[in-house]
Amino acid sequence: MSQQVLEKPHSFYEKFDRKGGPQKTTHYCPGCGHGNVHKLIAETIDEMGLADRTVFISPVGCSVFAYYYFDVGNIQAAHGRAPAVGTGVKRTRHNSIVISYQGDGDLASIGTAEIIHAANRGEQMTVFFINNGIYGMTGGQMAATSLLGQKTATTPYGRTVENEGYPIHMAEVIATLEAPVFVARTHLADLKGIMNTRKCVRKAVQAQVEGKGFTFVEILSPCPTGWKMDTHTSCEYIVDKMLPVFPDKVFKDLIAERESYVRPDVDPTDEEVLDALDLGQLGEPFPKDQNFLDNFPTMNFKFAGFGGQGVLTAGAILAAVGMQEHLQVSWIPSYGPEMRGGTANASVVLSNKPVGSPMVVKPDVLAVMNDPSMDAFEETIAPGGLMIVNSTIITRKAKRTDIETLYIPLTQIADDMGLKAAANMVLLGAYLEYSKLLPVDHLKQIVPRGIKRKQLGDQNIEAVEAGAKWVRENVGARKAEAAVTA
Amino acid sequence: MELIKANEAVVKAAILAGCTQYYGYPITPASEVAMAAAKYLPKVGGTFLQAESEVAAINMVYGAAGAGARVMTASSGPGISLKQEGISYIAAAELPCVIIDVMRAGPGLGNIWPEQGDYMQVVHGGGHGNYKSLVFLPNCAQEMADLTILAFDLADKYRIPAYILTDAYIGQMMEPVQFPKQRAHPPRKPWALYADHDSKDHLVSSIHMSTEDLESHNVHLQNKYAELEANEVRYQDVEVDDAELVMIGYGFISRLLLSVVQDLRREGHKIGMLRPITAFPFPSVHIEELADKGKTFLMVELSNGQMLRDVQLAVGRKTPVHFYNRMGGMVPSVEELKTVALRYLKK
């Protein structure tokens, strides 16, 4: 003959020390449904041997102190945020069994966004939603699930459609989403209801154990204190008043057909991590030339043109070459009011000392790829500075006479080579060939490493060379003091 | 050495610091942090999750931090305002995490240009209760990386939320960054939830029902903040020793101030700058010492005197504290700041 021992589930603490002193009673009112549901959950955790793996989320509401009772990992959440907290726990601990336990204020009002989206993502957690249609903890105010006509502390004349709208049906709402695998509503009004709740609690937790997905059980639960009824009447109220509005049924059960998925724990090696971060793409820096560094002036550049002409990339490549020459460098894209007017631009500073402002207001070198850029920035060039004009597109001449101007058909040179969008590389090749600021050869080494589309590396090197060649053939290197007008 | 955008450097540095979790909501100008996290975290077995809201994101951070992960999020002013509830809970439950705030201009929706108007809500609370967060103020890409790593270490050490408080300019800049050659492997946290037998008795909570308990918890937090003030103040002095005028500024503004110092020193002016690298703890003692030496100060910020209050508290009535600011996304030029500084320098 088998013998059954009736005892408190082991997943409850023997004594509730967190309640303050070695107490053995809960803080719940007589007749409250929370005790029943707690017990059903604790029994399930016991039976499935899940205590070590379980993280129980205490919400805001009467069950805020659930961590007094459950001998599992416990975390307490801000009002309505339990599904978000559970998401963070589960995504961190894939092996955990996350139980989010929420009341109607928590889940159906202040936390609707969190519950809907956790459900919609199919977070692998189990949510128990205690629906008693009233705010117990704060003194009997209306819940989103309060019944029409129900008198509460904040609906003293009864809930009306006109003022508060209809009660919200959370199980039905959740069941419309694709991801949840099990959505049910049960009640605690009688033994049959409790046994059905027991079954649904087990089913929901078991589904999580199997990695089936998001499970949701709404439980209609008595609140004799909030409802101002005795226990017996409270149970009748559930049957007579609540069930007609909130039918107890399984709205969705895809457990059998849904594939199991448990997120794998991936623990890459340090090498794999460093590799994944795309570090070291520019390669080793060039040999350090201290004399070069000591004599390097601070140079301010601005590259300006239409979006798509590659001015931001040109600036970044120049900065990358500078960095590999052991210079201090900065690059910043156009930002703020100067961005208006159809031009994009990048400020680049190369220096042998720490770069102060990375924003170039008065460039030593300005490269303009289109008319609006020349109109906007010609006036800003430092006296004695250099302006490089893309003469394929810009037809006018410089107004300034106190600067050098180089007119180079950048777009034409690129087009002639059949290279679309390589005028920026022609520009860099031409500039370094002309200025000898940094070796063109170093530029050619950096270009294929510095551009995003690596397969275009060779073409871009050709574009650099074409720019350098054009300067050799048409201008020659920069003369010490003469202004050049090509 | 990498040439990398500061907003992306933050993410790579975080991963090298052992961060495995990112929860966030897109907002300009912080979205690049999220996009870099979305690109790199899945490649290293971590989690990137775009949350349904800023509120959900910070509570996911709370959950992941409670579960022992190194976790981060990023946002900007309007989003940081929304996160404040969760940050109060994180501070109360003493959970470590890193929050990147790439500041934009406010109040309200404001605009997306740089400002420093989040200083008050980040440094002096923002959420409810007597808490503080550790706040770092990087001014270049290298510091965005270095301070992110330090933020993770100190957040764990002190069990405190740590901010990287930066702005749209710093975030957008590409500069050289040297990353560590190895990834950190932070040890198991003796209080966190690992969903295993040894951590079963752990509780992550901000509730202290008795007034006595809650007062002692508050006292405990204040003691921790005092410890931070004693040990973790960081700042940078530039040409301060013989300076008559010390300019104070952080983040992008400090880059402009550096140019002002370089230019005006060349012209023979005794000018220097102090750059707070931590806003909490604030370098109050150092500023007081400079005031004792008779330095005059010029606070420059992209907000309405938010850091100025902290400077004034440190200086008291000892020496003058002048103030210059721009707001709404307007940024002063170096020339503009030189003109302002010259007003307060002896002719």
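Lettering of chains follows the sequences in order, A, B, ..., and the numbering in each one begins at 1.
Ionic pairing of B/Arg326 and B/Glu336 is present here: one or more N-O contacts between side-chain nitrogen and carboxylate oxygen are shorter than 4.0 angstrom. A salt bridge links B/Arg265 with B/Glu239: the distance from a Lys NZ or Arg NE/NH1/NH2 to an Asp or Glu carboxylate oxygen falls below 4.0 Å. Looking at B/Glu85 and A/Arg81, a side-chain N of the basic residue comes within less than 4.0 Å of a carboxylate O on the acidic one, giving a salt bridge.
Between the side chains of A/Ser351 and A/Gln328, not a single donor N or O lies within less than 3.5 Å of an accepting N or O. Defined by atom type and a distance below 3.5 Å, a donor-acceptor pair is present between the side-chain atoms of A/Tyr13 and A/Arg18.
In this structure, chain A has no heavy atom under 4.5 Å from any part of B/Pro42. Contact annotation for A/Ala51: both backbone and side-chain heavy atoms come within less than 4.5 Å of a heavy atom of chain B. Contacts between A/Thr54 and chain B at a heavy-atom distance below 4.5 Å are absent for every atom of the residue. Contacts of A/Val55 with chain B are made by side-chain atoms alone, with heavy-atom separations under 4.5 Å and no backbone atom involved. Residue A/Glu271 does not touch chain B at all, counting heavy-atom pairs closer than 4.5 Å. Of the atoms belonging to A/Lys353, it is side-chain heavy atoms, and not backbone ones, that fall under 4.5 Å from chain B. The contact between A/Phe65 and chain B is made entirely by side chain atoms (from C-beta outward), counting heavy-atom distances below 4.5 Å. Neither the backbone nor the side chain of A/Pro285 comes within contact range of chain B; no heavy atom of the residue lies under 4.5 Å from a heavy atom of that chain. Of the atoms belonging to B/Val260, not a single heavy atom falls under 4.5 Å from chain A. For a residue to count as touching a neighbouring chain, one of its non-hydrogen atoms must lie under 4.5 Å from one of that chain's; by this rule A/Val355 touches chain B with backbone and side chain alike. For a residue to count as touching a neighbouring chain, one of its non-hydrogen atoms must lie under 4.5 Å from one of that chain's; by this rule B/Thr47 touches chain A with the side chain only. Both the backbone and the side chain of A/Leu277 come within contact range of chain B, each with at least one heavy atom under 4.5 Å from a heavy atom of that chain. With a 4.5 angstrom heavy-atom cutoff, A/Thr269 touches chain B only via backbone atoms. Contact annotation for B/Tyr40: only side-chain heavy atoms (C-beta onward) come within less than 4.5 Å of a heavy atom of chain A. Only the side chain of B/Lys5 comes within contact range of chain A, judged by heavy atoms closer than 4.5 Å.
Checked against ring-ring contact (aromatic ring centres under 6.0 Å, His included), A/His442 has the following partners two or more places apart in sequence or in another chain: A/Phe286.
By a heavy-atom distance cut of under 4.5 Å, A/Asp71, A/Val72, A/Gly73, A/Asn74, A/Ile75, A/Gln76, A/Ala77, A/Ala78 are the residues of residues 70-78 of chain A near chain B, going up by number.
In this structure, the separation between CD on A/Glu325 and CG on A/Leu443 is 10.0 Å, given to the nearest 0.5 Å.
In this structure, the side chains of B/Val334 and A/Met359 stay at 4.5 Å or more apart for every pair of heavy atoms. Side-chain contact between B/Tyr194 and A/Asn95: absent, with no pair of heavy atoms (C-beta onward) separated by less than 4.5 Å. A heavy-atom distance below 4.5 Å is not found between the side chains of B/Thr166 and B/Val10.
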- Item | A/Gln124 vs A/Phe214, side-chain contact (heavy atoms from CB on, under 4.5 Å): CA-CA, chis, key distance, verdict | CA-CA 5 Å; A/Gln124 303 241 359; A/Phe214 182 89; over 6 Å; no
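Chain B forms the most heavy-atom pairs under 4.5 Å with one residue out of A/Arg91, A/Gln324, A/Arg53, and that residue is A/Arg91. Residue with the most contacts toward chain B among A/Leu274, A/Leu282, A/Asn120: A/Leu274 (heavy-atom pairs, distance under 4.5 Å). Between chain B and the residues A/Gly86, A/Pro354, A/Gly20, the largest count of heavy-atom pairs under 4.5 Å involves A/Pro354. Contact count versus chain B (heavy atoms, under 4.5 Å) is highest, among A/Ala118, A/Gly88, A/Pro264, A/Ala82, for A/Gly88. Interface remark: of the candidates A/Ile57, A/Asp278, A/Val98, A/Asp278 forms the most heavy-atom pairs closer than 4.5 Å to chain B. Note on B/Ala69, B/Ala65, B/Pro176: by heavy-atom pairs under 4.5 Å with chain A, the leading option is B/Pro176. Chain A forms more heavy-atom pairs under 4.5 Å with one residue of B/Leu257, B/Val177, B/Leu49 than with any other, namely B/Leu49. Heavy-atom pairs under 4.5 Å with chain A were tallied for B/Ala67, B/Ala51, B/Gly46, B/Gly45; the largest tally goes to B/Ala67. Between chain A and the residues B/Ser333, B/Gly66, B/Ser206, B/Ser53, the largest count of heavy-atom pairs under 4.5 Å involves B/Ser206. Interface remark: of the candidates B/His202, B/Lys12, B/Glu175, B/Glu2, B/Glu2 forms the most heavy-atom pairs closer than 4.5 Å to chain A.
Using a 30° and 60° split on the angle between ring planes, B/His217 and B/His208 fall in the parallel class, below 30°.
Between the side chain of B/Arg70 and the main chain of B/Ala17, a donor-acceptor pair closer than 3.5 Å is present. Between the B/Asn59 side chain and the B/Val55 main chain, a donor and an acceptor come within less than 3.5 Å of each other. One N or O on the side chain of A/Asp364 and one on the backbone of A/Asn300 form a donor-acceptor pair closer than 3.5 Å. The backbone N or O of B/Lys338 sits nowhere less than 3.5 Å from a side-chain atom of B/Asp263 that would complete a donor-acceptor pair.
A distance of 6.0 Å or more separates the ring centres of A/Phe56 and A/Tyr67. Aromatic rings from B/Tyr89 and A/His79 are positioned such that their centres are separated by 6.0 Å or more.
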